[in-house]
Amino acid sequence: MLHAAPGQSNIYSGYAKPATLWRFNGSVPGPEIRVRQGARLRVTVENGLAEDTTVHWHGVRTPNAMDGVPYLTQQPISPSNQFVYEFNAIDAGTYWYHPHQRSFEQVGRGLYGPLIIEEANPIQVDRDVTWMLDDWRLEETGEIENDFGNSHDMSHSGRIGNFVTINGKKQAVFSVSKGERIRLRLINAANARIFGLDFQGHDPLVIALDGQPITPHRPENGLVVLGPAMRVDLILDMTGNPGESDEVIDRFYDGLTYQLTRIKYSDEVIRNSPPDWPIQLPGNPLREPDLKTAKRHEVMFSGGMMGNMVARDMGINTTTSSSMMGMMHSKKIWFINGVAAEGHIMDPMLTLDIDRSHVISMTNASAWYHPIHLHGHSFRVISRNGEKTQYQEWQDTVLMAPRETVEIAFVADNPGDWMFHCHILEHQASGMMGVIRVA
Ligand code: C2O
Ligand code: CU
């Protein structure tokens with residue numbers, strides 16, 4: 001049972017006032033739901049908010065009716081009502097849940113939690129740890145700034161906060177022991193912040209992205225990058241010595257580097273050198289897209305501050321060039337193929353033939369990053385700016401840099417109308433959302 005309701009939480013003890021959060025079961029994050037791959041999940045969601053809500057199981061391949069999109073896949077859960085979600089956990093991996101109704105405020109105030117689907121035979125580690133990352137925009141007292149959904153956030157990089165937390169708290173120290181092997185599951189639950197984590201003296205290996213196994217590898221430039229809604233599973237061997245400590249820093253944004261936490265070694269020694277246990281995860285039952293016969297589709301993202309300039313530079317004719325004043329007033333700021341969404345009920349922007357392979361070529365004709373998420377499916381990221389990706393990674397949310405072109409490929413095998421949107425929740429709320437029909 002998940003009960004969504006407002007409540008007061010102290011995000012950090014140094015603040016005078018607690019913040020008014022919206023929480024599942026009285027905590028942020030909500031309870032970690034853990035099931036074995038193949039199990040059936042049944043969760044009753046009860047709405048204790050003063051407004052409608054739903055729960056979406058981000059990255060999980062559920063039947064369409066269980067996807068938690070208001071009006072599109074279900075009627076929203078009205079205040080003091082319930083809805084029962086029930087589906088099979090097909091793919092192992094790191095996922096999360098969050099409302100899909102006015103997400104920019106509901107998720108932004110703390111309604112989210114981890115969903116871990118364990119492999120039938122998990123790889124061996126000493127500790128399996130989840131870090132749900134988020135940031136908050138707090139006043140000096142510690143109360144939440146109430147300016148959710150303001151037009152500046154919508155037209156720029158989204159609501160970036162001024163206080164970063166791990167599992168809802170400032171975590172100054174992360175205690176470890178020499179020789180310990182940790183599987184660290186990172187989940188970015190922030191509305192808009194992109195994380196670029198540098199473990200400095202440690203050498204993490206990426207073993208899964210968005211829940212899906214990947215060839216174990218060192219992150220590019222030593223930086224573990226997570227756009228909003230993305231997950232990364234790491235193998236982290238604690239190679240330091242008792243009493244030592246080492247910072248984990250976030251250096252994604254130029255000039256805004258800060259310390260996320262400090263890894264601190266206890267006096268205990270678990271072993272003297274890293275274990276030689278295998279770290280390759282077993283694959284999930286995803287269907288392999290056939291690139292030769294795949295049907296191709298083009299998708300263009302445009303809009304936002306400086307969007308007309310970028311589109312002009314790229315030689316793209318945007319028919320959507322509304323003036324900045326117009327954008328501020330209509331909340332139609334972002335466009336997918338020239339259309340700005342106004343809610344969850346819309347005509348499909350694409351209809352994909354079921355049980356066949358598709359390639360979607362996506363162009364970011366804007367000046368901002370966008371983590372693009374497709375519901376109901378995982379896709380392979382096959383190229384970036386025309387160059388084949390090294391790992392052909394499976395993702396459900398792919399971070400696109402300004403002016404970047406990304407191709408994704410997948411078999412459309414889950415029937416229904418699926419949301420396709422930017423996971424910067426302010427961008428989603430101001431137009432950057434569409435429906436892809438699989439039929
Ligand atoms: Cu994480 Cu459409 O959502
Ligand atoms: Cu976006």
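In this chain, numbering begins with 1 at the start of the sequence shown. Note that ligands are numbered from 1 as they come in the structure, with each ligand's atoms numbered from 1 the same way. The figures here come from the full heavy-atom set of this structure, side chains too, leaving out hydrogens, waters and symmetry mates.
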Quiz item: According to the interplanar angle, ranging from 0 to 90°, do the rings of H100 and H56 count as parallel (below 30°), tilted (30 to 60°) or perpendicular (above 60°)?
Solution: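 Judged by the thresholds at 30° and 60°, the geometry between H100 and H56 is perpendicular.
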Quiz item: Y369 vs F252 aromatic rings, parallel, tilted or perpendicular, using cut-offs 30° and 60°?
Solution: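 Perpendicular: the ring planes of Y369 and F252 meet at over 60°.
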Quiz item: Are any N, O or S atoms from H423 nearer to the Cu ion (ligand 2) than 2.8 Å?
Solution: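 Not a single backbone or side-chain N, O or S atom of H423 is under 2.8 Å from the Cu ion (ligand 2).
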Exercise. Provide the atom name of the closest N, O or S atom of H98 relative to atom 1 (Cu) of ligand 1.
Key: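 Atom name returned: NE2.
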Practice problem: Tell me which N, O or S atom of H58 sits nearest to atom 1 (Cu) of ligand 1. | Solution: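 Looking at H58, the N, O or S atom with the least distance to atom 1 (Cu) of ligand 1 is ND1.
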Quiz item: Just wondering, is there an N, O or S atom on H423 that's nearer than 2.8 Å to atom 1 (Cu) of ligand 1?
Solution: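 So H423 counts as coordinating atom 1 (Cu) of ligand 1, yes.
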Quiz item: Below 2.8 Å, any N, O or S contact between H56 and atom 1 (Cu) of ligand 1?
Solution: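 No - counting backbone and side chain alike, H56 has no N, O or S atom under 2.8 Å.
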Quiz prompt | CZ on F420 to CE on M432, rounded to 0.5 Å | solution =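 M432 atom CE to F420 atom CZ measures 8.5 Å (nearest 0.5 Å).
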Quiz item: How long is the span from the CG atom in L425 to the CZ atom in R102, to the nearest 0.5 Å?
Solution: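 Separation between the atoms: 11.5 Å.
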Quiz item: Which atom, counting only N, O or S, brings H370 closest to the Cu ion (ligand 2)?
Solution: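 H370's closest N, O or S atom to the Cu ion (ligand 2) is named ND1.
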Quiz prompt | Three-point angle H427:ND1, the Cu ion (ligand 2), C422:SG, rounded to the nearest 10° | solution =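 Here the angle at the metal atom is close to 130°, to 10°.
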Self-check item: Proximal heteroatom of H100 relative to atom 2 (Cu) of ligand 1 (N/O/S)
Solution: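 Atom 2 (Cu) of ligand 1 is closest to the H100 atom NE2, counting only N, O or S.
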Exercise. With atom 2 (Cu) of ligand 1 as the reference point, give the N/O/S atom of H421 that is nearest.
Key: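 For H421, the N/O/S atom sitting closest to atom 2 (Cu) of ligand 1 is NE2.
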Exercise. Give the intermediate values and the outcome of ring pair (Phe, Tyr, Trp, His ring centres under 6.0 Å) for residues H370 and W334.
Key: CA-CA 11 Å; H370 303 291; W334 297 96; 4.7 Å; yes
Quiz prompt | is_close_aromatic(F410, W394), centroid dist under 6.0 Å | solution =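 Distance test on ring centres: not under 6.0 Å, no.
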Practice problem: State plainly whether the residues D153 and R137 are in salt-bridge range, i.e. N to O under 4.0 Å. | Solution: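 Looking at R137 together with D153, the answer is yes, because their closest N to O distance falls below 4.0 Å.
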Exercise. Kindly confirm whether atom 2 (Cu) of ligand 1 is within less than 2.8 Å of some N/O/S atom in H375?
Key: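 Here the distance criterion (N, O or S atom, under 2.8 Å) is met by H375, so yes.
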